[in-house]
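I have placed the structure first, in the form of structure tokens, so that the comments after it can refer back to it.
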Amino acid sequence: MAALRKIAGRTVGDGYPTYVIAEIGINHNGNVDIAKRLIAVAKAVGCDAVKFQKRNPEKCVPADQRDRMRETPWGYISYMDYRNKIEFGEAEFQQIDQYCREHDIAWFVSCWDADSVEFIRSFEVPCIKIPSACLTDRELLESCRSTGVPLMLSTGMSTLDQIDAAVSILGTERLLLAHCTSAYPCADKELNLRMIPKLRELYSCPVGYSGHEVGVATSVAAVALGASFIERHITLDRAMWGSDQAASVEPVGMSRLIKDLRAIELALGDGIKRVYESERRAAERLRIKDTLSTN
């Protein structure tokens with residue numbers, strides 16, 4: 001059995017209910033009110049946590065992309081200007097922190113650079129996520145490790161050798177690994193969900209799934225394959241402006257996901273063969289002969 005971890009008082013791992021994370025990310029489009037609406041939806045449908053993203057655009061935006069122009073809700077502006085407008089700062093995260101406390105739901109962030117790790121320390125978040133794109137960033141890995149909080153590492157766009165190298169830096173004592181394919185949205189044929197039991201074999205930590213596919217059935221399948229936590233992007237409307245909206249789940253879909261995965265948890269059982277009382281009554285009606293029993 002894989003090791004267990006605690007996030008905001010909830011135990012994550014084998015034998016415990018699947019920990020469900022609603023990834024708000026940047027689907028708030030720089031608007032705190034939209035962020036609050038998404039938090040409220042996540043709480044209402046039964047998610048355990050919401051997650052945002054935090055980065056320093058000066059460090060995270062490649063130089064060759066900074067001056068590229070694009071259409072945005074703020075007009076035709078450079079990519080760098082867009083990244084700055086979409087980024088929440090101290091005031092916005094203070095509101096998010098208060099709102100999540102009022103609604104009794106955990107929140108944390110994906111940190112894209114060491115500056116963002118230092119920024120988020122003051123909020124005493126129960127976990128820090130390292131995004132797939134940053135799995136090979138030693139400075140970020142070491143900064144995250146220094147926080148002492150549980151760390152969730154997404155493994156998209158990475159080889160097993162790269163994952164091994166990252167895990168060797170982070171250690172497994174506070175680690176949770178998320179299988180992931182970093183395509184938005186991701187085709188079913190590239191989800192490769194059998195990597196979930198593979199990662200469970202390779203690493204002594206809880207393994208979950210961060211999905212970007214359309215629909216929820218495959219995320220439920222991830223739980224059947226041993227995922228102890230599920231992360232899916234959440235949106236108010238997939239038609240909203242934004243790069244992640246199309247790979248996100250609307251409120252009705254998120255509610256269905258949680259309902260279905262809770263049913264799967266019950267259906268999986270414990271692997272011990274037994275005859276249930278409901279079967280005994282059926283046997284009395286349907287089993288004509290029993291010439292195998294010795295007693």
Side-chain angles (χ1 to χ4, degrees), residues 1-28 32 35-54 88 90 92-112 116-131 143-154 170-180 204-211 219 222-223 227-234 249 251 254-255 257-259 261-262 265:
M1 179 178 290
L4 304 177
R5 301 287 181 268
K6 278 191 178 292
I7 299 178
R10 269 277 274 109
T11 302
V12 181
D14 291 352
Y16 288 85
T18 308
Y19 193 80
V20 182
I21 305 156
E23 161 73 276
I24 293 174
I26 56 173
N27 281 353
H28 51 71
V32 176
K36 289 179 179 179
R37 289 173 63 191
L38 287 165
I39 293 167
V41 167
K43 175 63 178 181
V45 300
C47 296
D48 297 289
V50 293
K51 187 173 74 64
F52 294 85
Q53 296 181 17
K54 181 59 184 170
F88 281 166
E90 179 81 20
E92 291 85 3
F93 276 115
Q94 287 287 358
Q95 291 186 58
I96 287 167
D97 183 57
Q98 180 178 348
Y99 195 80
C100 287
R101 291 178 187 277
E102 291 172 353
H103 287 74
D104 192 27
I105 186 170
W107 74 277
F108 55 100
V109 300
S110 291
C111 287
W112 288 67
S116 298
V117 176
E118 290 306 307
F119 171 88
I120 212 67
R121 277 178 185 259
S122 64
F123 290 95
E124 299 182 354
V125 291
C127 179
I128 290 177
K129 176 83 178 289
I130 302 164
S143 180
C144 288
R145 183 186 62 190
S146 71
T147 64
V149 303
L151 303 175
M152 190 175 289
L153 175 66
S154 257
L170 296 173
T172 58
E173 183 180 353
R174 292 177 282 110
L175 185 63
L176 302 94
L177 278 178
H179 169 60
C180 175
S204 58
C205 62
V207 172
Y209 175 62
S210 177
S219 291
V223 173
S228 57
F229 61 92
I230 293 289
E231 177 188 75
R232 290 297 304 269
H233 285 254
I234 189 172
V249 183
M254 190 66 78
S255 177
L257 169 62
I258 294 175
K259 179 181 177 180
L261 70 82
R262 298 302 178 214
E265 290 170 347

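Keep in mind it's a predicted model, so treat the numbers as computed, not measured. This chain uses plain numbering: 1 for the first residue, then up along the sequence.
For Val249, the side-chain contact (heavy atoms from CB on, under 4.5 Å) partners are Val216, Arg232, Met254, not counting sequence neighbours. Legend: residues meeting ring pair (Phe, Tyr, Trp, His ring centres under 6.0 Å) with Tyr16, ordered by chain and number and at least two apart, are absent.
Residues in residues 170-180 take part in no side-chain hydrogen bond (donor to acceptor under 3.5 Å, both in side chains) pair, two or more places apart or across chains.
Under the 3.5 Å distance criterion, with hydrogens and angles disregarded, a donor-acceptor pair is assigned to the side chains of Lys36 and Gln95. Side-chain atoms of Gln94 and Glu90 form a donor-acceptor pair, as typed in the model, at a separation below 3.5 Å. One side chain, Arg121 or Ser146, offers a donor N or O that lies under 3.5 Å from an acceptor on the other.
The six-membered or imidazole ring of Trp107 lies near that of Phe93, with a centre-to-centre distance under 6.0 Å.
In this structure, Leu38 CG and Ile24 CD1 are separated by 5.0 Å, a value rounded to the nearest 0.5 Å. Taken to the nearest 0.5 Å, the CD1 atom of Ile230 stands 7.0 Å off from the CG atom of Leu261. Atom-to-atom distance recorded for Cys205:SG and Leu153:CG is 9.0 Å, nearest 0.5 angstrom. Distance check, rounded to the nearest 0.5 Å: CD1 of Ile258 to SG of Cys47 gives 4.0 Å. Once rounded to the nearest 0.5 Å, the distance linking CD of Glu102 with CD1 of Ile39 reads 10.0 Å. If you take CD on Glu23 and CG on Asn27, they are separated by 7.5 Å, rounding to the nearest 0.5 Å.
Tyr19 has its side chain out of reach of Ser228: every pair of non-hydrogen atoms, C-beta onward, lies at least 4.5 Å apart. You'll find the side chain of Gln53 stays beyond 4.5 Å of the side chain of Ser116, heavy atoms only. Looking at Val12 and Leu176, their side chains come closer than 4.5 Å, going by heavy atoms from C-beta outward. Proximity of Leu151 to Cys144: side-chain heavy atoms (C-beta onward) are separated by under 4.5 Å at one or more points. Within the 4.5 Å cutoff, no side-chain heavy atoms of Pro206 are placed close to those of Leu177. Side chains of Val32 and Phe88 form a contact here, defined as non-hydrogen atoms less than 4.5 Å apart. The shortest distance between side-chain heavy atoms of Asp48 and Thr18 does not fall below 4.5 Å. Tyr209 places none of its side-chain heavy atoms less than 4.5 Å from the side chain of Cys180.
Under a 3.5 Å cut-off, the side chain of Arg262 and the backbone N or O of Pro17 do not form any donor-acceptor pair.
Taking all atoms of both residues into account, the shortest heavy-atom contact from Val149 to Val125 is CG1-O, 3.9 Å. Taking each heavy atom of Val50 and Cys100 in turn, the nearest pair found is CG2-SG, 4.0 Å. Heavy atoms only, all atoms of each residue included: Ala22 and Ile234 are closest at CB-CG2, 3.9 Å. In terms of heavy atoms, Val223 sits closest to Glu265 at CG1-CG, 4.4 Å. Closest heavy-atom contact between Arg5 and Leu175: NE-O, 3.1 Å. The minimum heavy-atom distance between Lys6 and Thr11, with the atom names listed, is NZ-OG1, 2.8 Å.
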Evaluation steps, side-chain hydrogen bond (donor to acceptor under 3.5 Å, both in side chains), between Lys54 and Ser110: CA-CA 6 Å; Lys54 181 59 184 170; Ser110 291; over 6 Å; no
Take Ile120 and Thr147 through the side chain to side chain contact (heavy atoms under 4.5 Å, CB included) test and state the conclusion after the steps. CA-CA 10 Å; Ile120 212 67; Thr147 64; over 6 Å; no
Apply side chain to side chain contact (heavy atoms under 4.5 Å, CB included) to residues Val20 and Phe229 and explain how you reach the verdict. CA-CA 6 Å; Val20 182; Phe229 61 92; over 6 Å; no
Verdict with reasoning, Ile96 to Phe123, per side chain to side chain contact (heavy atoms under 4.5 Å, CB included): CA-CA 10 Å; Ile96 287 167; Phe123 290 95; over 6 Å; no
When you look at Ile130 and Ser154, which way does the side chain to side chain contact (heavy atoms under 4.5 Å, CB included) test go after all the steps? CA-CA 6 Å; Ile130 302 164; Ser154 257; over 6 Å; no
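By the neighbour-count criterion of 12 heavy atoms within 6.0 Å, atom CZ of Arg37 is sparsely surrounded, having that number or fewer from other residues, nucleotides or ligands.
Ion pairing between a basic and an acidic side chain is recognised when a charged N comes within 4.0 Å of a carboxylate O; Lys129 and Glu231 show such pairing.
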